[in-house]
Structures are given as structure tokens and as C-alpha cells.
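Here is the structure we will look at, set down as C-alpha cells.
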Amino acid sequence: MSLIKRYSSMQGDTNVSVPDTGASRGVIHADEVPTLKVATPRLPARMNSLSFGGNNAYAVARPIQLPLRASTQPGLLRRLVDPLDIAMQYPMDVVAAPSEITKSAGKQQSFINRLWFSAVKIVFPPLLSLVIPFMIYDLCAQYLFDISHFMYNVVVISLLVTAYFITIEALSALRIEHPKPVETDTYPPASAIVAAYLPNEAETIVETVEHLLRVDYPGQFQLILAYNTPRYIPVEETLREIARRDPRFLLLKVQNSTSKAQNVNRALSEVTGTFVGIFDADHHPALSSFTRAWHWLAQGYDVVQGHCVVRNGDSSWVSRLVAVDFELIYALGHPGRTRMHGFGIFGGANGYWRTELLRKTGMDHSMLTEDIDSSIRALQQGSKIAYDPLLISRELAPETLKALWNQRMRWAQGWFQVTLKHLTLTLRSPHLSLRQKLGIFHLLGWREIYMWLSVQIVPILAFQLLREDIKWFAPLFVLSSLFTLSIGPLQVLLAYAVAAPDVRQHRRWFIFYALMSMFFFTGFKNHIARIAHLKEALGEREWKVTPRSVAQTAPAQGKA
């Protein structure tokens, strides 16, 4: 708890609010200290502000835990917090109050900074990936020697190798593995954590809580909603009523939290289950999901990641695009990569951890993709992560291009952060095999290089076309072009074969995705990845929340 006061115009009483202590069953407000209304003496009329060196100023106390001091007053006033006493006892940072001119200059500077960042993000990626390479090829041809043919071979080989691994990964996903059945009828306690930023998810959170309370699990089940909110939201009262009604539901308001990671970390102190499932506020897992997840954990795995399926694909063309893209990610990419490399990855939601491991690993709120960061740190310790495409949870996709841009930008920059932080450390880990280390390099290192290398085919062909040096019917050019161009449609076809039934029934979505991927979506994602590199280099790490809306969907199947 921190004390931040502006000592100006201090006429009247100082009010210190009394927060809801959450005395009712199933409701906890984390990190809250009971406080009372405190009457402070009125300043003389001539002293309408505190003066430091003759200038109005802000007195900002450094973060402290406020002590409760004794009082001679009876009843509720027996224990008081006197803000003026504390302000005098604890050190304060004094900052001059900004004048109107200073505020105006600050706004102008902020606008200039935003304009600069926008210009950098728009201009630099094509400049670095297209224009500058073209100039290098031209200068080398004029003053040294022509390197375009050498670079052409490098780029083509990289495209062919990447296309080959994508194909093997997709084909590997066609064989679905099932967990071994548990030999005993005894199931350990299980917990679910839903992390929510309530203003963004007020429309969906009650539906999600009610759905999770219908989970069909043979053992004890606990549901924790760990949420943060900057203001009171009316839905909080509805959630408190659910907590009073159902003892399995624990409502946990996390004060001073600014991230999902902080909410999950706080909730872990309240978890009673042997294993815990992590969900976002829009997720509706299959009702049998916890039973199936335990079957994986019982055979020696530490984490199992499930298949996330979009449940609002009918909402817009963007959500239809994402619905199919998720099938390429979760029905092809995750299972195929797990079989190829010998490890899975926790994707942030619909993942089930052994509670002890998650408490030890925790989540780093400074990372934009705290889920990938936690996965890699768990792998470094020798943990085993499984993937099950039949462990289904349905979620909401972004419905606008802007929301999709923000979501994928955070993902791309977060992956880049994880690569910078963990690639070298993971390759040195004694707990990983050579096969797994090669998989880590492919997953982290190569994906970041490939975003820049693959686009080099454009300036190379443009340069050779300008010099009339391109051989359109050369065998290498023809065969490599046909092979690389065929990978996209092949992925979509295989994704359709293994997609979740409620997405596979929309055949037109897959045709639409195949066309959009060829002419727009693949380039869109690669462009975002290149911008994400620049944002990280410039230190711009703003988290933009993905809007949530209510989707009218059929109930999730109990057996998936």
C-alpha cells in the first residue's frame, strides 16, 4: 500500500476510504489493509498549499506499508492511520507541480514521440527488408561483384528447408495420441484459475464462471477467479453472489495488479488442487477436460496443453480467419511440433500444470508472453510438456483487424523477448537432448531470422529483373516456387482434416483462409513480426488489451 498525496487546496477533511473486506464466504481481496475515515485538522485560510522553496509542489511518499497506531478513541476509532503523521515520518520525493505551459509542452512532446514511433514502424520494416538489400545488391554489382545469385540460392534453400519442416510437422499431427487410462478410480483435487481484467471482460466472465462450475470431474474441484479492476464493476456483486452460493468458487480481487501473470501468481497461494488449469476469461473448456488432463499428468507429464478452438467464427471475417488459423496452430502446429521435437509448449490458456511446478516456475509479468516464458523455463529444468488436440477449450477471437493487429503484435514481440532471454540458456541446458535443443533453435531462433530472410526473395528478383538477369524457367526456380507455394494450401487441407468438428463444418472458412493466406494474411503476420523486432529494440512494450464480446454459441460438449 502506498501513500500518494497532493498537498494543495487542503481545506476540509481528508477521507481515507473503507474497502470491502470480503467477509462473505468465497471472497478475498488480496493485499488490502482495512482503513478508516480520518479527520485531519483544517489548515489556516492563508495556507491553502504546502510550499517547498516558494513553489507549489507534489509531495509523493515512497511505497510503504502503513502502520496502524493506537488511539485513545473508543469503538471503531481505536486504531487509526494518520496520513499527516506518516507523511512527516517517511521520506517523500518532492516534484514541482507542472505549470500549464509545461503540461502543454509535455503533450506536444508525447504527440511527437507517438508520431515518431508510428513513422518508424511504418517506414523501417520495408526499408530494412526491401530497399536497403536492393541497394546493397546494386552497389556490390557495380563496385565489387554480383552477390544476388549467391543470396538467391541461400534464400531459396532456406525457403525449401522451412517448407519441408512445415510439411513434416503437419503430417506428424495426423496421428493423434491418447493418454493412458488411469488404473484407479481415485482422482486428486483439481483447481482452475481464471485470470481476468474485469472492465474488459465483464460481459463474458459470469458465463465463463458458470460454465467452469459445471465441469465434470470425479475428484474435488476448486475454481478461482483472480481479477484486477481500476474501478468498481457491477458484475462484481453477481460474482460475489455466485461465491456465496457455491463453496467451490473463490473470488480473488488482486489489488495493484496490472497483468495476467500477477493475477495467476497471487491465485497460486490459494490453490488446493494437485494440478491446476489456467484459463482466460472467455474460455469454455470441455466438461471432461480435467479428467482427461489428469490422465496425461498421471503418466509422468508435468504440463499438458490443450486445443483452443474459436467459438465466435460467425462474428466477422476476421474471426473466421482466426478460427481457421487456430486450427493450423493448435490442430497441426502444436501436435506436430511436439512429436518432431519431443516437447510441447504452454499456450497461456487451456493448459494444466502440476501445482508444485507452477508455484516454482511462476509467471513473469514483465514478459509480453508470460506463458511462453514459463514454458521455456520449465523445459530448462527438465519438465515434460505434452500436447493433446482432443483436450478442447473454446474461446473468443478478435473481431476487428485492429484488435487482431494488437493481439498478434503482442504475441510476436513476446516471442522475440523470450528468444533474446532464453535461447542461449536453453541450448546450454543439461536437461535437454540434442533433438530438443534443435527444436528450441527452430522454435525460437529460426522463426525470428526467417521473418527477415524469407522476404529477401523480393529485392533479389527485383534486382535481377532490372538487370534482365533472371531465368524464369530455371529448374531450381520453378521447382522451389511450386513447392513453397503449395505448402500453404496443403496446410489448410490437413488442418481441415483434423480440425475441431464445430469449425470443420464450415468448409467455406477454410477456402476463404487459403485465399487470404496467399494474398494477405501470411504477409500480414510476417510484417507484424518485423515491426515487433523494432518495437523491442526501441523499448516500446505497451500491452494493448484484446476486446472481448459476448458470443452466442452452443454449449461445449462434455466429451471432447
Side-chain angles (χ1 to χ4, degrees), residues 106-137 139-140 147 151 154-155 158-159 162 258-261 345 347-348 363-377 380 398 401-428 440-460 521-546:
K107 290 181 180 179
Q108 288 182 342
Q109 186 63 38
S110 177
F111 173 76
I112 293 172
N113 288 339
R114 290 198 302 270
L115 188 63
W116 163 250
F117 273 117
S118 298
V120 166
K121 289 182 288 187
I122 293 172
V123 174
F124 267 51
L127 184 67
L128 293 175
S129 60
L130 301 175
V131 178
I132 292 179
F134 182 89
M135 294 174 63
I136 292 173
Y137 301 141
L139 290 172
C140 287
I147 64 169
M151 286 302 301
V154 170
V155 172
S158 69
L159 291 172
T162 303
T258 58
S259 69
K260 171 184 175 180
I345 290 292
M363 292 194 174
D364 186 349
H365 69 90
S366 69
M367 304 293 288
L368 289 174
T369 49
E370 73 289 325
D371 47 356
I372 309 302
D373 174 74
S374 297
S375 299
I376 299 300
R377 287 190 286 115
Q380 289 173 354
L401 195 60
K402 180 180 179 180
L404 179 61
W405 173 280
N406 291 335
Q407 181 193 68
R408 296 306 170 93
M409 183 65 72
R410 178 174 63 83
W411 289 5
Q413 189 173 355
W415 274 93
F416 186 45
Q417 287 179 338
V418 171
T419 299
L420 295 176
K421 179 180 177 182
H422 289 297
L423 178 58
T424 303
L425 293 174
T426 309
L427 293 178
R428 293 176 179 175
I440 287 291
F441 176 77
H442 180 254
L443 180 67
L444 298 182
W446 182 248
R447 65 177 285 127
E448 307 300 343
I449 298 171
Y450 184 76
M451 302 302 174
W452 296 92
L453 187 59
S454 62
V455 77
Q456 290 307 300
I457 196 68
V458 175
I460 290 172
F521 196 46
T522 299
F524 173 79
K525 291 187 290 185
N526 289 340
H527 181 61
I528 286 177
R530 290 188 286 271
I531 292 178
H533 288 185
L534 294 175
K535 283 167 64 72
E536 183 64 21
L538 294 170
E540 184 184 346
R541 300 180 179 90
E542 182 183 3
W543 181 300
K544 295 184 179 180
V545 177
T546 303

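The figures that follow rest on heavy atoms only: side chains count, while hydrogens, waters and symmetry mates do not. Residue indices begin at 1 and follow the sequence shown. Here the structure is a predicted model, which is why all the values come from computation and not from measurement.
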- Check the pair I345 / I376 against side-chain contact (heavy atoms from CB on, under 4.5 Å), numbers first and verdict last. CA-CA 8 Å; I345 290 292; I376 299 300; 4.1 Å; yes

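- Sorted by first then second residue, the salt bridge (charged side-chain N to carboxylate O under 4.0 Å, His left out) pairs that include residues 412-427, not counting sequence neighbours, are D364-K421, D373-K421.
- With sequence neighbours left out, T424 forms a side-chain hydrogen bond (donor to acceptor under 3.5 Å, both in side chains) with no residue at all.
- Residues satisfying the salt bridge (charged side-chain N to carboxylate O under 4.0 Å, His left out) test with E448, not counting sequence neighbours, are none.
- Taking every heavy atom of both residues into account, F524 and L401 meet most closely at CZ-CD1, 4.1 Å.
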- Run the side-chain contact (heavy atoms from CB on, under 4.5 Å) check on V131 and M135 step by step: do they pass? CA-CA 6 Å; V131 178; M135 294 174 63; 4.0 Å; yes

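- Shown here are the side-chain hydrogen bond (donor to acceptor under 3.5 Å, both in side chains) partners of S375, two or more places apart in sequence or in another chain: there are none.
- Annotation: side-chain hydrogen bond (donor to acceptor under 3.5 Å, both in side chains) contacts of W446 (sequence neighbours excluded): T162.
- A heavy-atom distance below 4.5 Å is not found between the side chains of H365 and E370.
- Nearest heavy atoms, Q413 versus E540: NE2-O, 2.8 Å.
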- Query: Which is it for V455 and N526 under the side-chain contact (heavy atoms from CB on, under 4.5 Å) test, yes or no, and what are the steps along the way?
  - Reply: CA-CA 9 Å; V455 77; N526 289 340; over 6 Å; no

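- The side chain to side chain contact (heavy atoms under 4.5 Å, CB included) test applied to M409 returns W405, I528, I531, A532, K535, not counting sequence neighbours.
- Smallest separation of non-hydrogen atoms from L159 and S454: CD2-CB, 3.8 Å.
- Applying the side chain to side chain contact (heavy atoms under 4.5 Å, CB included) rule to P459 yields the partners L130, P133, F134, Y137, Q456; only residues at least two apart in sequence or on another chain are considered.
- Between the NZ atom in K260 and the CG atom in D371 there is a gap of 6.0 Å [rounded to 0.5 Å].
- Shortest non-hydrogen contact noted between T369 and R410 is CG2-O, 3.9 Å.
- Residues forming a side chain to side chain contact (heavy atoms under 4.5 Å, CB included) with I132 (at least two apart in sequence, or on another chain): L127, L128, I136.
- Legend: residues meeting side chain to side chain contact (heavy atoms under 4.5 Å, CB included) with K525, ordered by chain and number and at least two apart, are D325, R408, Y513, F521.
- A pairwise comparison of heavy atoms in G445 and L423 identifies CA-CD2, 3.9 Å as the closest pair.
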